[in-house]
Amino acid sequence: MDALIAQLQRQFRDYTISLYQQGFLDDQFTELKKLQDDGSPDFVAEVLTLFFEDCVKLISNMARALDKTTGAVDFSQVGASVHQLKGSSSSVGAKRVKALCVSFKEYCEAKNYEGCVRCLQQVDIEYKALKTKLQDMFNLEKQIIQAGGIVPQVDIN
Amino acid sequence: MEKSGFSPVGLRVLVVDDDPTWLKILEKMLKKCSYEVTTCGLAREALRLLRERKDGYDIVISDVNMPDMDGFKLLEHVGLELDLPVIMMSVDGETSRVMKGVQHGACDYLLKPIRMKELKIIWQHVLRKKLQEVRDIEGCGYEGGADWITRYDEAHFLGGGEDVSFGKKRKDFDFEKKLLQDESDPSSSSSKKARVVWSFELHQKFVNAVNQIGCDHKAGPKKILDLMNVPWLTRENVASHLQKYRLYLSRLEKGKELKCYSGGVKNADSSPKDVEVNSGYQSPGRSSYVFSGGNSLIQKATEIDPKPLASASLSDLNTDVIMPPKTKKTRIGFDPPISSSAFDSLLPWNDVPEVLESKPVLYENSFLQQQPLPSQSSYVANSAPSLMEEEMKPPYETPAGGSSVNADEFLMPQDKIPTVTLQDLDPSAMKLQEFNTEAILRSLNWELPESHHSVSLDTDLDLTWLQGERFLANTGLQFQDYSSSPSLLSELPAHLNWYGNERLPDPDEYSFMVDQGLFIS
């Protein structure tokens, strides 16, 4: 059992590090983990749930604003949602999503419809990719605990 | 107000932010600072709360962008009506925005993501304000009150007083004393009065009186008071309000000039952490010059606590009375942030334990429950590696023949597709454009058929990982790669499928994904 725990812990550590290295997460995520304590053991998961809900809402706002069939596109409205998403993604350390928002905002300001549409698709892809990654990470945590181990704190230098 | 009894613990903070994620995080962070936290998602709601309990909060932290009210408006309301210190927050650190915050009287402007150390020190704004209040209330009988404050502050806060500005403060202080003596009553008896809440009606009366007198430089508190005809209002109340109002006006005028001095504020997007602006503006406004002076003191001081703050706030007084012609050398946020270590030694923080202890972790919340697959227990040794190495490869293949965008195109503001006009939607050309855009979007596979929903799109992403052999810790997949094949996902709501249900242009790829089916969890 110990061997399994050690193996799982290793996987968890490696996986977590890879997420940072690949730019999915930045140190805000580390900060978020630090906030979790005995009083709120699910803090990170709860925050992430809020974030992903927000993603869905904002992306659908953007899509609606970019819908030409309802009239001329209101780029400022798109931009407002992008700004909100930027803020949201900065809260959980969703590095790629946030970076996308920066480009997205520029396209909005340039009133570049094509660019905006592309960004919207990208953002959709990115937040889902992140979600999956994080689900994997949480699963690893769960397995460690179920095996009787402790989730190691991963040091991202 | 007992200065010596001031403690940051239990500081009553009102946080206003329309972002639920940030609201939750900030609440947690502030609680960790031992503050008493109230959260609010709407600006109007915040105002209501503040007005309901006029003395119920010590400080307000608000985001700049909110749906129901501009954060700056909220800032003004709070500053004028309630005279509470307000800290602005934003993910945007653009100089003009920060400037606006400062001009509207924010006592600080924090850049998201916000760090614990920035929140740990917000109590200084409250303390500073309290010190100023005492001075205001003491009124213009400076012979008695002011000296007392100076001596008291010296003794308790300034200690060694290494700061160069201290000498200046003394000089300015005398100057101000002289200035005010010209208009002051002989009676310097200043019993502590209740804080006046400047409601908008009251402020309006005040403004009318000022305008009536004409050039507000000549408007003295006594004249204004007479014109206002508010029986319970005292000259001192008017005097202190006048100071703030003058400063507010001068800042509005000086908006352009201030820009010259703001060169040090970097753009947030490149370096979010650097743009923490400790401008030190009180609401409505004390010059940041003063605050910076306080900053450097703190850096030098071996001893912690309020002493640098008090010295900073003393010079506040002086800059208020001197009118617009004096250019305040505002160094907006040039100084390094106030060291949190100063604060740490003051209070025993409960730092988060280093190791995530084993605890009954609930995986029941919705974000995690969407994990669709049952094979969670079978986390085989290979699965982790295979999950990780995939990132090396661009997971999305460009559909053959499709005019989907490649990485370069994505990054270039100019589109290579000539038919789509970027800027203006000329009505006459609109139809043509829309047709072409439709075509483009279709090829970009904007939406996917409904049936695809049953196979969770979330997991489809992972399938391509299976192609890889080696386990690698990757060093930063460029995210351009993602753009090469946008075809794979779009779980957008059905009502947004305005181009009809289109099939993916590359059925082979699609079926590959479906065949691979489940990702290993």
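Below, chain A is the first sequence line, B the second, and so on; all start at residue 1.
Looking at B:D17, neither its backbone nor its side chain comes within 4.5 Å of chain A, counting heavy atoms on both sides. Contacts between B:M89 and chain A at a heavy-atom distance below 4.5 Å are absent for every atom of the residue. For A:L32, the part sitting under 4.5 Å from any heavy atom of chain B is the side chain, from C-beta outward, and nothing else.
Taking CD1 of A:I150 as the start and CD1 of A:I145 as the end, the distance is 9.5 Å to the nearest 0.5 Å.
Heavy-atom pairs under 4.5 Å with chain B peak, among A:E106, A:Q28, A:R10, at A:Q28.
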*Start with the C-alpha distance between B:V91 and B:L111, add both sets of side-chain angles, then the distance that settles side-chain contact (heavy atoms from CB on, under 4.5 Å), and finish with yes or no.*
CA-CA 6 Å; B:V91 68; B:L111 225 46; over 6 Å; no
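Between A:K57 and A:E53 there is no salt bridge, since no side-chain nitrogen of the basic residue lies less than 4.0 Å from a carboxylate oxygen of the acidic one. Comment: A:D37 engages B:K28 in a salt bridge, judged by a side-chain N to carboxylate O separation of less than 4.0 angstrom.
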